[in-house]
Amino acid sequence: MKKIKFPTAQTVLLLIAVFVALLTWVVPSGEYDRLAYNKNDNTFIRSNHLGTTNLEANQKTLDDLQVKIPIDKFTSGAIYKPISIPGTYKNIDAKPQGFKELVLAPLKGIIQVADIIILVLFIGGLVAIVNFTGAFEAGISKLSELLLGKEYILIIAVTSLIALGGTSFGFAEETIAFYPILIPIFLAAKYDAMVALACIFVGSQIGCMMSTINPFSTIIASNSAGINWTTGLYERVILFVVGLSTCIFYIIRYATRVRNNPKKSIIYDQKIEIEKLFSFKNTSIKIEFNSKLKLVLTIFILCFAVMVYGGSNLDWWFLEMTGVFFRCYFNRFHM
């Protein structure tokens, strides 16, 4: 008898699409009037299913429409997608979606967000290449050697570096390679395996959760909301620092308790088994952190620095940001 497995992400999305298509047959249809800023002639365009109307682009127009957004958010490009106008909702004729519409919907969606998909593909591919070179693993391994005997600093450094990876480029599942490297080090320092797991897993997740420039969440979400991805960047940085500091404090607090009294470990009943498994030494093959791998990591980090600068100061959007990673991919990793 085959075990029932949880469906893949693609299957789940397909089921959601089918469910939404069915809802179009029973849920009443309606819409808000939409307001968009036309920077070419400095006007607002009000649109609905009946047509469009041009309005003066000033704060009075927004106040009359009860849109509580400053005019500069539109003129600066921070809001570039049409927004809903409050109090304008009305019922319209329903358009039930059939099988043809269901099949074409994903394709239309891909076409509309092709620029996002290309950016994600290039960044994802670049992360895979850097991970394949062993640059991530070699860097963390070298750091653990330098801080041997000062493991509390290692806790801070590893958690911070992995969190920075999470908040900048979605560093998550790639951290799997670090577990066999760090667990023996923390065991030798009289900690338990949970300390190493926490540094890696909690670090990556707090980074992804408090995303600052992570293209896979922050930039895509900003695009869907119709706002510039740099909007709220400083607030996100503050949240990231506060969240990361809280996690590091918790990990160090737990690690100190375990080191002073091993019985305080939440996996104390597995202590002997885990120590035998790792034998207090790293059995994995260490990769030398040579000048080539240092260069790989440097270029990789510079790509995100250039992306942030371009988005903040040069009005770059997805095409320009993709170009940064495109050049990096061919100029360095295909040499």
Inset, instruction - Heavy atoms only: give me the nearest V296-A135 pair and the separation to one decimal. - result: CG1-CB, 4.2 Å
Legend entry - Rounded distance [0.5 Å steps], CD in Q112 versus CD1 in I117: 10.5 Å
Inset, instruction - Rounded to the nearest 0.5 Å, what's the gap from CG on N54 to OG on S47? Could you check? - result: 10.5 Å
Legend entry - Which residues share a side chain to side chain donor-acceptor pair (under 3.5 Å) with K60, sequence neighbours left out: D64
Inset, instruction - Count the heavy atoms of every other residue, nucleotide or ligand shown that sit under 6.0 Å from NZ of K39, and state whether that count exceeds 12. - result: no
Legend entry - Flag, side chain of S160 to backbone of A157, donor-acceptor distance under 3.5 Å: no
Legend entry - N261 (side chain) donor-acceptor with R257 (main chain) under 3.5 angstrom: no
Legend entry - Derivation of the side-chain contact (heavy atoms from CB on, under 4.5 Å) call for V258 and Y268: CA-CA 9 Å; V258 171; Y268 180 73; over 6 Å; no
Legend entry - Heavy-atom neighbours of I272 CD1 exceed 12 at 6.0 Å: no
Legend entry - Heavy-atom check, side chain of F44 versus side chain of N58, under 4.5 Å: no
Legend entry - Heavy-atom donor-acceptor pair, T159 side chain to I156 backbone, under 3.5 Å: no
Inset, instruction - Answer with yes or no whether the side chains of E288 and N290 bring together a donor and an acceptor at under 3.5 Å. - result: no
Inset, instruction - Taking D115 for its side chain and I118 for its backbone only, find out whether a donor-acceptor pair lies under 3.5 Å. - result: no
Inset, instruction - Answer yes or no: is there a donor N or O on one side and an acceptor on the other, between the side chain of E101 and the main chain of G98, under 3.5 Å? - result: yes
Legend entry - Shared-cluster residues of L107, by chain and number - hydrophobic side chains joined below 4.5 Å: L104
Inset, instruction - Write down the atom of I69, the atom of F74, and the distance for their closest heavy-atom approach. - result: CG2-CE1, 3.8 Å
Inset, instruction - List the atom of I155, the atom of F186, and the distance in Å for their closest heavy-atom pair. - result: CG1-CE2, 3.6 Å
Inset, instruction - Taking the side chain as every heavy atom from C-beta outward, state whether Y254 and F249 have any pair of such atoms under 4.5 Å apart. - result: no
Legend entry - Close side-chain approach of L65 and L35, heavy atoms under 4.5 Å: yes
Legend entry - From OG (S245) to CD1 (I206), nearest 0.5 Å: 10.0 Å
Inset, instruction - Report yes or no: does E31 contribute a side-chain atom to a donor-acceptor pair with the main-chain N or O of I92 at less than 3.5 Å? - result: no
Legend entry - ILVMFWY cluster, V103 and L22 together (side-chain gap under 4.5 Å): no
Inset, instruction - First locate atom CG of L14, then atom CZ of F19, and finally report the distance between them rounded to the nearest 0.5 Å. - result: 14.0 Å
Inset, instruction - Measure from the side-chain N and O atoms of E275 to the backbone N and O of E273, and report whether any donor-acceptor pair falls under 3.5 Å. - result: no
Inset, instruction - Kindly indicate whether the side chain of T43, heavy atoms from C-beta on, has any atom under 4.5 Å from the side chain of L55. - result: no
Inset, instruction - Would you please name every residue forming a side chain to side chain donor-acceptor pair (under 3.5 Å) with R34, sequence neighbours left out? - result: S84
Inset, instruction - Please check if L187 and I267 belong to a single hydrophobic cluster, counting links between Ile, Leu, Val, Met, Phe, Trp and Tyr side chain heavy atoms closer than 4.5 Å. - result: yes
Inset, instruction - State, to 0.1 Å, how close L62 and P70 come at their nearest heavy-atom pair, and which atoms those are. - result: CD1-C, 4.1 Å
Legend entry - Donor-acceptor pair between T88 and D33 side chains, under 3.5 angstrom: no
Inset, instruction - Evaluate side-chain contact (heavy atoms from CB on, under 4.5 Å) for I162 paired with V158, printing each intermediate quantity in order. - result: CA-CA 6 Å; I162 291 179; V158 170; 3.8 Å; yes
Legend entry - Beyond-backbone contact of T212 with S168, side-chain heavy atoms, under 4.5 angstrom: no
Legend entry - Test item: T11 side-chain N/O and P7 main-chain N/O as donor-acceptor pair under 3.5 Å: no
Inset, instruction - If you link ILVMFWY side chains whenever their heavy atoms are less than 4.5 Å apart, which other residues fall into the same cluster as I238? By chain and number, please. - result: V242
Inset, instruction - May I ask you to list the residues sharing a hydrophobic cluster with Y89, side-chain cutoff 4.5 Å, ordered by chain and number? - result: Y32
Inset, instruction - Could you pull out the closest heavy-atom pair between N42 and A57, with the gap in Å? - result: O-CB, 3.3 Å
Inset, instruction - Report the C-alpha distance between K271 and D192 in whole Å, list the side-chain angles of each, state the deciding distance to 0.1 Å, and finish with yes or no for side-chain contact (heavy atoms from CB on, under 4.5 Å). - result: CA-CA 8 Å; K271 183 175 183 297; D192 65 358; over 6 Å; no
Legend entry - Distance-minimising heavy-atom pair for A163 and L244: CB-CD1, 3.7 Å
Inset, instruction - First locate atom CE of M209, then atom CG of N214, and finally report the distance between them rounded to the nearest 0.5 Å. - result: 13.0 Å
Inset, instruction - Output yes when a side-chain donor or acceptor of Q59 lies under 3.5 Å from a complementary backbone atom of I71, and no otherwise. - result: yes
Legend entry - Members sharing I45's hydrophobic cluster (side chains within less than 4.5 Å): none
Legend entry - Distance-only side-chain donor-acceptor flag, T167 / S211, under 3.5 Å: no
Inset, instruction - Indicate if L50 and I85 have the same hydrophobic cluster label, given that clusters are the connected sets of ILVMFWY residues with side-chain heavy-atom separations under 4.5 angstrom. - result: no
Inset, instruction - Give, for atom CD of Q97 and atom CG of L23, the distance between the pair rounded to the nearest 0.5 Å. - result: 11.5 Å
Inset, instruction - Please examine the side chains of L182 and V195, heavy atoms only from C-beta on, and report whether any two atoms are closer than 4.5 Å. - result: no
Inset, instruction - Give a yes or no on whether the backbone of G51 and the side-chain of N48 come within a donor-acceptor separation of less than 3.5 Å. - result: yes
Inset, instruction - Would you mind reporting whether Y37 and I79 have side-chain heavy atoms less than 4.5 Å apart? - result: no
